[in-house]
Amino acid sequence: MANVFRVDHFDAKHHANIAASLAHRLEVARASNNFQLVKLLEQERWQIEGGTVLREAPQTPLARLRGFWQRLVSAIADADKLQVWQTADNDIRWWNAYDPHTGKSVCTESEAELRQWIEENYRE
């Protein structure tokens with residue numbers, strides 16, 4: 001039985017390390033307003049927990065305020081930058097881009113088409 005305990009102990013420790021790493025990656029993705037990455041990490045957390053989501057420790061008011069401030073500053077700084085993201089519809093992956101300077105946008109199945117659109121339409 002001692003060996004079983006040891007394996008269970010290491011499994012639990014390994015699981016705790018994975019959960020801590022995932023929580024940190026989620027925090028970084030949220031702070032940088034990378035919503036696509038947040039969504040993927042939330043899906044990863046769902047899979048790791050076997051369909052149950054671990055509850056994060058409640059944040060202090062100061063930590064919530066700092067997080068809000070970081071997201072606000074980041075959103076203002078990135079407001080004029082080209083936005084590129086990928087979406088999925090059944091088995092099709094769509095590439096999307098939006099240029100806030102011109103108001104132009106594109107949605108295509110091909111990464112090559114997206115790159116061409118960016119080269120033709122986006123100017124820093």
Side-chain angles (χ1 to χ4, degrees):
M1 284 293 181
N3 288 340
V4 171
F5 172 75
R6 189 174 301 165
V7 170
D8 289 343
H9 173 71
F10 287 115
D11 285 345
K13 190 169 188 169
H14 179 68
H15 188 269
N17 288 338
I18 290 172
S21 172
L22 183 56
H24 173 72
R25 291 168 30 217
L26 266 166
E27 180 181 330
V28 170
R30 286 182 181 130
S32 62
N33 291 324
N34 189 337
F35 301 114
Q36 183 177 9
L37 181 57
V38 169
K39 182 179 178 182
L40 292 172
L41 292 172
E42 290 286 357
Q43 290 173 351
E44 182 180 336
R45 181 166 63 172
W46 178 264
Q47 291 172 349
I48 289 170
E49 297 306 319
T52 59
V53 178
L54 288 177
R55 301 280 182 228
E56 294 179 6
Q59 290 185 327
T60 64
L62 182 57
R64 285 194 305 268
L65 181 61
R66 282 186 186 140
F68 172 76
W69 181 252
Q70 289 173 343
R71 288 188 301 276
L72 178 63
V73 168
S74 179
I76 292 169
D78 293 342
D80 289 337
K81 293 182 181 177
L82 177 69
Q83 299 170 23
V84 177
W85 68 97
Q86 195 176 36
T87 56
D89 181 21
N90 295 329
D91 293 334
I92 301 172
R93 294 216 176 257
W94 297 96
W95 288 94
N96 305 274
Y98 172 71
D99 181 357
H101 290 291
T102 63
K104 291 182 180 179
S105 63
V106 67
C107 180
T108 180
E109 289 183 56
S110 165
E111 182 180 357
E113 287 180 33
L114 176 71
R115 289 179 183 273
Q116 182 179 355
W117 182 88
I118 291 171
E119 289 173 6
E120 292 173 0
N121 293 285
Y122 181 67
R123 306 286 185 252
E124 288 189 65

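Numbering of residues begins at 1 and proceeds along the displayed sequence. All heavy atoms count here, side chains included; hydrogens, waters and symmetry mates do not. Here the structure is a predicted model, which is why all the values come from computation and not from measurement.
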Determine whether [X] and [Y] make a side-chain contact, defined as any pair of heavy atoms from C-beta on separated by less than 4.5 Å.
X	Y	value
Leu114	Val84	yes
Gln36	Asn34	yes
Leu22	Leu41	yes

What heavy-atom pair brings [X] and [Y] nearest, and what distance separates the two atoms?
X	Y	value
Tyr98	Leu82	O-CD1, 3.3 Å
Trp95	Ser110	CD1-C, 3.8 Å
Val38	Leu26	O-CD2, 3.9 Å

Between [X] (side chain) and [Y] (backbone), is there a donor-acceptor pair under 3.5 Å?
X	Y	value
Ser21	Ile18	no
Asn90	Ile92	no
Asn96	Gln86	no
Arg66	Leu62	no

Note to self: Apply salt bridge (Lys or Arg N to Asp or Glu O under 4.0 Å) to residues Glu42 and Arg30 and explain how you reach the verdict.
What the structure shows: CA-CA 11 Å; Glu42 290 286 357; Arg30 286 182 181 130; 2.5 Å; yes
Hey, could you give me the [atom1]/[atom2] distance between [X] and [Y], rounded to the nearest 0.5 Å?
X	Y	atom1	atom2	result
Asn33	Arg71	CG	CZ	7.0 Å
Leu65	Thr60	CG	OG1	9.5 Å
Lys81	His101	NZ	NE2	10.5 Å
Arg93	Thr108	CZ	OG1	14.5 Å

Checklist line | Residue that, paired with Arg115, satisfies side-chain hydrogen bond (donor to acceptor under 3.5 Å, both in side chains) out of Glu113, Glu111, Glu119 | finding: Glu111
Margin query: Show, in sequence, the C-alpha distance, side-chain angles and deciding distance for Asp89 and Trp94, and conclude whether the side chain to side chain contact (heavy atoms under 4.5 Å, CB included) test is met.
Written below: CA-CA 8 Å; Asp89 181 21; Trp94 297 96; 3.6 Å; yes
